[in-house]
Every structure is written in C-alpha cells, then in structure tokens.
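A quick write-up on the structure given underneath.
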Amino acid sequence: TGFHPMHIGKKDNTLYAASEDFTLNSLQVYDNEEISPGTLAIFSDKGVKKIKIAEAKEEFCFFEIVYMMMHGSKFKGHYVDDIRTTAGRLLADLYPVEADLVIPVLDSGLSYGNGYSRRSEIPMELYLCKNRHAGRTYQHPEGKGEEVHESVRLTTNELIKIKHVPIFVIFAHFCHF
C-alpha cells in the first residue's frame, strides 16, 4: 500500500481487505486495521502475515479524501466527514464572501458546505438534488427490448436563480493535506 489506503480484517475465520474501513464495517468486520505503506499483507489459511518490504514514503491521492472516500470512513484515525467539515471551515476563514446561501454539490460536498456555512454563518440549503434514478437503464415501455437511458444527473430548484451564490472549486485549495 502507499498511494491508496488498505484495511484488513477478520470475521468468522474469513479474511477481508478493502481500501476503506467503512466497507469492512458495513460487512460487520469491526476488528480491522489500516496497513502502513511498504507493507505486504499475505492472506493464508493461517491468517494474515504482514511483512515490511520497503521503507515507503507515505503518499496518497488527495482525491481519496476530497471526493472518493465515504464520509464514514477513517483516514489516519480521523473520520473523512470531520476532515471535510474542517476544510470547509478553513475555506471560510481563508476566503470569506458575501453570499445569500451556501449550496453544496452532492455528495462529498455536503461536509465542506456544512463547515463553510457554520463558520461563515451563511445558511446552507440543498438546492442541488441528486436524481437517484440517473444512470439506470429501463426496459422500453412497449417491451421491444430496447433500453431507455435516464440522462438527467442533477435538478435545480427555481429559487437558486434569485440568490447570490458564489461557486468554489474546493479541491484546488486542499492539495496540501
């Protein structure tokens, strides 16, 4: 490991590996640990053997925290949701703006928006709504066997047109994590 986190765990004599502890926890594998960079984990019927094979400089893709990781996962002992919320507060400190609303972009943006809103005291509203059916395919209504693709990804509330809402590109400000 080293670029992406790796967690291993055991439940009922079954060994598990995943990039996030959230995944293992959802499988009720609560006895899990993060493997340090440069470590080889060998799974066998005797369990897990961890061998340090290299002195690895710890590096990671910042998109893991910024975008990809589940909010309930831990990164270096801290919940991803807490890291994102703290980043939102930092953003409010570093870049204060006059605005009517903070509108997060779902889903990872909720924590950033929450932190920014709380620190700046600008109310947060969820005007961007995810279409939970987008990307799914359906059978043609006439049963012709053709697939119908739902293409709408986000819908917006009409109220957003009358509000002063700044737009932030959050990840560019947090490359230093």
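Residue numbers start at 1 and run along the sequence shown.
Between Met69 atom CE and Ser108 atom OG the span is 12.5 Å, to the nearest 0.5 Å. Remark: Arg84 CZ to His71 NE2 distance equals 9.0 Å, nearest 0.5 Å. Between atom CE of residue Met124 and atom OH of residue Tyr112 there is a gap of 14.0 Å, rounded to the nearest 0.5 Å. In this structure, CG in Leu24 is found 9.0 Å from OG in Ser73, a value given to the nearest 0.5 Å. Separation of atoms CD (Glu34) and OG (Ser19) is listed at 10.5 Å; rounding is to 0.5 Å.
When side chains are defined from C-beta on, Asp93 counts as touching Arg119, because their heavy atoms get closer than 4.5 Å.
Note on Leu110 and Val102: same hydrophobic cluster, where clusters join Ile, Leu, Val, Met, Phe, Trp and Tyr whose side-chain heavy atoms are under 4.5 Å apart, directly or indirectly. Met6 and Leu15 fall within the same hydrophobic cluster, where Ile, Leu, Val, Met, Phe, Trp and Tyr residues are linked whenever their side-chain heavy atoms come under 4.5 Å apart, directly or through other members. In terms of hydrophobic clustering, with Ile, Leu, Val, Met, Phe, Trp and Tyr side chains grouped at heavy-atom distances under 4.5 Å, Leu91 and Val97 are assigned to a common cluster. Note on Leu94 and Ile122: same hydrophobic cluster, where clusters join Ile, Leu, Val, Met, Phe, Trp and Tyr whose side-chain heavy atoms are under 4.5 Å apart, directly or indirectly. The hydrophobic clustering, which links ILVMFWY residues whose side-chain heavy atoms are closer than 4.5 Å, places Leu126 and Tyr116 together.
Shown here is Tyr79, whose OH atom has no more than 12 heavy atoms of other residues, nucleotides or ligands within 6.0 Å. For CZ of Arg89, the number of neighbouring non-hydrogen atoms (other residues, nucleotides, ligands) closer than 6.0 Å is greater than 12. Atom NZ of Lys52 has more than 12 heavy atoms from other residues, nucleotides or ligands within 6.0 Å.
Considering all non-hydrogen atoms of both residues, Gly109 and Pro104 come closest at O-CB, 3.2 Å. Scanning all heavy atoms of the two residues, the minimum distance from Glu125 to Leu101 falls at CG-CD2, 3.3 Å.
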task = Would you please test Lys50 and Ile8 for side-chain contact (heavy atoms from CB on, under 4.5 Å) and show each step?
result = CA-CA 10 Å; Lys50 294 175 281 189; Ile8 60 171; 4.2 Å; yes

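Residue Asn32 is tested with Thr23, Asp21, Asn25 for a side-chain hydrogen bond (donor to acceptor under 3.5 Å, both in side chains); the sole match is Asn25.
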